[in-house]
Amino acid sequence: MPSKILPVPFYNRPTLTVARELLGATLVREEQGVRIAGMIVETEAYIGESDLACHAKAGKTPRTEVMYGSPGRAYVYFTYGMHWMLNVVTEMDGFPAAVLIRAIRPVEGIAIIAARRGKQPPAKWTDGPAKLAQALAIDKSFNGVDLYNRNNGLWIEKGKTITDESVTIGPRVGLYTVPEPWKSKPWRFIEK
DNA sequence: AGCACGATTAACT
DNA sequence: GTTAATCGTGCTC
């Protein structure tokens, strides 16, 4: 049986295309042989130094270095003093861009997710970027790891195809101090 | 060395 | 609707 894991060429494409096509894909975390997985239902694109919402606006720094690297790797960063965010690096080596995985729908490893997120109702287990990172135990140690093989306990598999009728496109969120037009770019993709 | 801010969340009123 | 929590990062001095 051929691997279901999305290969490097999938990520080595325009970021908006990758963000759109990641909807329906399966984000998989494997811990000690146990799978925790969910279908990706919300993404956002962050594209290049000219995108003033993208961390790469500051240029290549220790923090943003991964985004400048080869596609198909994880860019994990820390914010608000307590939250981890998972992104997937896109486009050619040298161009800084990534897709933020904003939400997933739990499919496997529900018991583990419940143990980590059980204080909240199931609908709120993985409906935000910091929430899914917590549910899947993703932190700084995953920054820069390959997502196109099983070596690192984190990868993305081809999943369900989502039709355009089931996709809502809108502006990215949380960009309070980002100037226009970047603040309103319709670079957020949601599976209804 | 110090500072302002943040691709958020949960718990409030 | 508002706001505290909490600290790495990048910028200024």
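Numbers restart at 1 for each chain; the letters A, B, ... are given by sequence-line order, proteins then strands.
A/R35 has a carboxylate O that lies under 4.0 Å from a charged side-chain N of A/E157, or vice versa, which qualifies the two as a salt bridge. A salt bridge is defined here as a Lys NZ or Arg NE, NH1 or NH2 lying under 4.0 Å from an Asp or Glu carboxylate O, and A/D51 with A/R172 meets this definition. Using a 4.0 Å cut-off between charged nitrogen and carboxylate oxygen, A/E49 and A/K60 do not count as a salt-bridge pair. The pair A/E44-A/R20 fails the salt-bridge criterion, with no side-chain N (NZ, NE, NH1 or NH2) lying under 4.0 Å from an Asp/Glu carboxylate O. Between A/K192 and A/E165 there is no salt bridge, since no side-chain nitrogen of the basic residue lies less than 4.0 Å from a carboxylate oxygen of the acidic one.
Taking 4.5 Å as the limit, every side-chain heavy atom of A/N151 sits out of range of all side-chain heavy atoms of A/D146. Between A/L6 and A/Y11, the closest side-chain pair of non-hydrogen atoms falls below 4.5 Å.
Nucleotides of DNA chain C with any atom under 4.0 Å from a heavy atom of chain A span, from 5' to 3', C/dA5 to C/dC11.
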| query | Which letters describe nucleotides 8-13 of chain B, given B = protein heavy atom under 4.0 Å from base, S = only from sugar-phosphate, - = neither? | reply | BSSS--
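Within residues 44-55 of chain A, the residues approached by DNA chain B to less than 4.0 Å at the level of any non-hydrogen atom are A/Y46, A/A53, A/H55, in residue-number order. Contacts with DNA chain B (heavy atom under 4.0 Å) in residues 88-99 of chain A: none are found.
Aromatic pair A/Y46/A/H55: ring centres not closer than 6.0 Å.
A/K140 comes within contact range of the sugar-phosphate backbone alone, with a heavy-atom separation under 4.0 Å but no base atom that close. Residue A/R63 is in sugar-phosphate contact alone, with no base atom involved, counting any heavy-atom pair closer than 4.0 Å across all strands shown.
In the model, A/T15 has a side-chain atom that pairs as donor or acceptor with a side-chain atom of A/E91 under 3.5 Å. No side-chain donor from either of A/Y75 and A/E65 sits under 3.5 Å from a side-chain acceptor of the other.
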| request: Kindly express the pairing pattern of DNA chain B in dot-bracket notation, using | wherever a base pairs with another strand and counting only Watson-Crick or G-U pairs under 3.5 Å. | output: ||||||.|||||.
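Remark: A/R13 qualifies as a cation-pi partner of A/F10 under the 6.0 Å distance and 45° angle criteria applied to the six-membered ring.
A/V28 and A/L154 sit in two unconnected hydrophobic clusters of ILVMFWY residues. Membership requires side-chain heavy atoms under 4.5 Å apart, directly or through other members.
A/P129 is linked by a side-chain contact (heavy atoms from CB on, under 4.5 Å) to A/M85, A/L100, A/R102, counting only residues two or more places apart in sequence or in another chain.
Residue A/V76 is tested with A/I138, A/N87, A/V145 for a side-chain contact (heavy atoms from CB on, under 4.5 Å); the sole match is A/I138.
Ring pair A/F78/A/W84 is tilted by interplanar angle, where 30° to 60° counts as tilted.
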